Amino acid sequence: MHELSVVLEIFELVEEIMTEQDLKKVSSVSVQAGELSGILPDYFKECWNAARIGGAFENTKLILDYIPARGKCSCGCEFELMKNSRICPECKRSDYEITAGREFSVIQIEAC
């Protein structure tokens, strides 16, 4: 379960930002994770909740934006990859370019 190590890295990043900007409290962290990023949302949320207990982020809320994997077929059709078993629903080919779903980033930190 690599989600825990990712959560701990986010905590380190946020701590660095807090130090640089002389922030005292972080109320929320917004993370964007694509379906192909390797992050499982339920595990990620569980790891977040477990890792923040008793620490500096105990009251920090996670806002997770999970992005479905999308592709664009050579026929021009855009579709959700996983819902369609990676096969174009229009032409039934698997000749596509991934257009979304690989993302993983901290997009916002709400702090004071």
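Keep in mind that what you see is a predicted model, and the values were worked out from it rather than measured. The residues of the chain are indexed from 1 along the displayed sequence.
Between Gly34 and Ser37, the shortest heavy-atom distance links the atoms O-OG, 2.7 Å. The two residues His2 and Ser5 have their closest heavy-atom pair at O-OG, 2.7 Å. Gly101 and Glu103 get closest at one heavy-atom pair: N-OE1, 2.7 Å.
Shown are Val6, Leu13, Val7; of these, the side chain to side chain contact (heavy atoms under 4.5 Å, CB included) with Ile10 is made only by Val6.
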Identify all side-chain donor-acceptor contacts of residues 56-72 below 3.5 Å with residues at least two apart in sequence or on another chain.
{"unit_1": "Glu58", "atom_1": "OE2", "unit_2": "Gly54", "atom_2": "N", "d": "3.4"}
{"unit_1": "Thr60", "atom_1": "OG1", "unit_2": "Val26", "atom_2": "O", "d": "2.7"}
{"unit_1": "Asp65", "atom_1": "OD2", "unit_2": "Gln32", "atom_2": "NE2", "d": "3.4"}
{"unit_1": "Tyr66", "atom_1": "OH", "unit_2": "Ile39", "atom_2": "O", "d": "3.4"}

request  = May I have the step-by-step check of side-chain contact (heavy atoms from CB on, under 4.5 Å) for Cys88 and Ser94, ending in yes or no?
outcome  = CA-CA 6 Å; Cys88 176; Ser94 59; over 6 Å; no

Chi angles and distances behind the side-chain contact (heavy atoms from CB on, under 4.5 Å) call for Val29, Gln108 = CA-CA 6 Å; Val29 176; Gln108 184 175 359; over 6 Å; no

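Remark: Ser27 pairs with Glu110 by the side-chain hydrogen bond (donor to acceptor under 3.5 Å, both in side chains) rule, at least two apart or across chains. Residues forming a side chain to side chain contact (heavy atoms under 4.5 Å, CB included) with Arg86 (at least two apart in sequence, or on another chain): Leu36, Leu81, Met82, Tyr96. Looking at residues two or more places apart in sequence or on another chain, you find a side-chain hydrogen bond (donor to acceptor under 3.5 Å, both in side chains) between Arg93 and Ser74. For Glu20, the side chain to side chain contact (heavy atoms under 4.5 Å, CB included) test picks out no residue, with sequence neighbours left out.
Between the Glu46 side chain and the Phe44 main chain, no donor and acceptor come within less than 3.5 Å of each other. Side-chain N or O atoms of Thr19 include one that pairs as donor or acceptor with a backbone N or O of Glu15 at under 3.5 Å.
The CD atom of Gln21 sits 12.5 Å away from the SG atom of Cys112 when rounded to the nearest 0.5 Å. Atoms CZ and CD, from Phe79 and Glu90 in turn, are 10.0 Å apart once rounded to the nearest 0.5 Å.
Looking at Cys91 and Cys73, their side chains come closer than 4.5 Å, going by heavy atoms from C-beta outward.
Listed by first and then second residue, the salt bridge (charged side-chain N to carboxylate O under 4.0 Å, His left out) pairs involving residues 24-37 are Asp22-Lys24 (not counting sequence neighbours).
Ile17 is not connected to Ile107 by any chain of hydrophobic side-chain contacts under 4.5 Å among Ile, Leu, Val, Met, Phe, Trp and Tyr, and they are in different clusters.
Aromatic ring centroids of Tyr43 and Trp48 lie 6.0 Å or more apart.
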